[in-house]
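The structure appears below as structure tokens.
Note that this is a predicted model, so its numbers are computed, not measured. Sequence positions, counted from 1, serve as the residue numbers for this chain. Just so you know, ligand 1 is whichever comes first in the structure, and atom 1 is the first atom listed for that ligand.
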Amino acid sequence: MRQRNELAHLSRVTMLGELAGSLAHELNQPLTAILSNAEAAQMFLENDAADLVEIRKIMGDIVSADKRAGEIIQRLRSMLKKEELTRQPLEINDVLQEAINLVRSDLVGQGVMVDVISADGLPRITGDRVQLQQVLINLIFNACDAMAGNTADDRKLVVRTDAHDGTVRIAIIDSGCGIPADMLERIFDSFVTTKPGGMGLGLSICRGIIAEHQGRIAAENNPDRGACFRVILPVVSGR
Ligand code: ADP
């Protein structure tokens with residue numbers, strides 16, 4: 001049960017993309033109504049003897065369609081609202097292993113082999129376990145998407161942890177299609193996507209979560225092929 005709850009939470013990033021898509025679709029309806037009503041009002045006003053009763057009715061329709069649009073946006077806002085961060089000391093290797101366990105069956109289903117290379121004796125970091133797992137899972141799913149075009153025996157993901165200069169780093173290295181050079185600067189921005197059904201929200205949510213942890217997230221292409229995403233989290237001493 002606990003695992004199910006966590007999975008529900010962890011799939012929020014994916015869900016948000018779909019929900020945002022359907023809300024955008026819903027928004028079209030009041031917007032179209034507002035436009036056609038406003039155009040009708042303009043037509044009425046062009047007559048010398050403008051029918052004020054009719055125009056008043058049209059204005060009423062515009063106001064209610066606008067309110068409906070506002071409610072839809074409000075719903076989107078509350079979904080995107082940041083959840084409170086819980087802070088606790090964490091072993092990043094445990095956080096990572098749990099995240100991988102949660103998506104293991106997806107990885108198997110997509111024929112992705114994962115190689116976890118975790119450094120021993122890493123200092124602990126402070127953060128929100130579930131939110132960090134959300135980030136890692138999103139990066140792993142993106143890596144899987146990027147390797148979907150590889151032949152079935154060639155989908156290899158390497159996840160590596162180490163300590164460096166007061167930080168703990170996690171690298172997620174795939175052997176997929178890589179990030180188009182002209183997109184490298186923009187992939188963490190909202191609504192940047194190359195996927196047919198994608199919303200381009202995952203990486204921007206990841207960046208937000210990592211920023212709340214005073215960390216950094218970065219992406220680069222590997223020298224040979226595929227992409228590498230790095231999450232760098234500060235080690236807070238004395239906790
Ligand atoms: P989405 O998955 O909905 O497209 P994201 O914000 O998660 O949204 O990703 C944005 C874009 O960044 C993707 O559409 C893809 O073009 C690129 N991207 C993300 N991860 C990778 C990766 N591992 N390899 C290649 N491109 C990637």
Q. Do D145 and K195 meet the salt-bridge criterion of a basic N to acidic O distance under 4.0 Å?
A. yes
**Q.** Interfacing atoms of ligand 1 (cut-off 4.0 Å, heavy-atom, F229)
**A.** 19 (C), 20 (N), 21 (C), 22 (C), 23 (N)
Q) Relative to the heavy atoms of I187, which atoms of ligand 1 are at a distance of less than 4.0 Å? A) 12 (O), 17 (C)
Q. Is there a chain of hydrophobic side chains (I, L, V, M, F, W, Y, each step under 4.5 Å between heavy atoms) that links F188 to F191?
A. yes
Q | Flag: protein heavy atom within less than 4.0 Å of atom 2 (O) of ligand 1 | A | yes
Q) How does L139 reach ligand 1, if at all, at less than 4.0 Å between non-hydrogen atoms: by side chain, backbone, both, or neither? A) neither
Q: Specify the protein heavy atom at minimum distance from atom 24 (N) of ligand 1: its residue, its atom name, and the distance to 0.1 Å.
A: A146 CB, 3.3 Å
(Q) For a side-chain hydrogen bond (donor to acceptor under 3.5 Å, both in side chains) check, start with the C-alpha distance between T151 and D153, then their side-chain angles and the critical distance, and finish with the verdict. (A) CA-CA 6 Å; T151 56; D153 58 351; 3.0 Å; yes
Q) Would V116 end up clustered with V168 when hydrophobic side chains under 4.5 Å apart are linked, directly or stepwise? A) yes
Q: From atom 9 (O) of ligand 1, work out which of T194, T193, L203 has a heavy atom at the shortest distance.
A: L203
**Q.** Proximity winner for atom 25 (C) of ligand 1, if only heavy atoms of G176, G178, S175 are counted
**A.** G178
Q. Which of the atoms of ligand 1 are close to G198, meaning less than 4.0 Å from one of its heavy atoms?
A. 3 (O)
Q: May I ask whether I232 and L136 are part of the same hydrophobic cluster, defined by side-chain heavy atoms of I, L, V, M, F, W, Y residues being less than 4.5 angstrom apart, directly or through others?
A: no
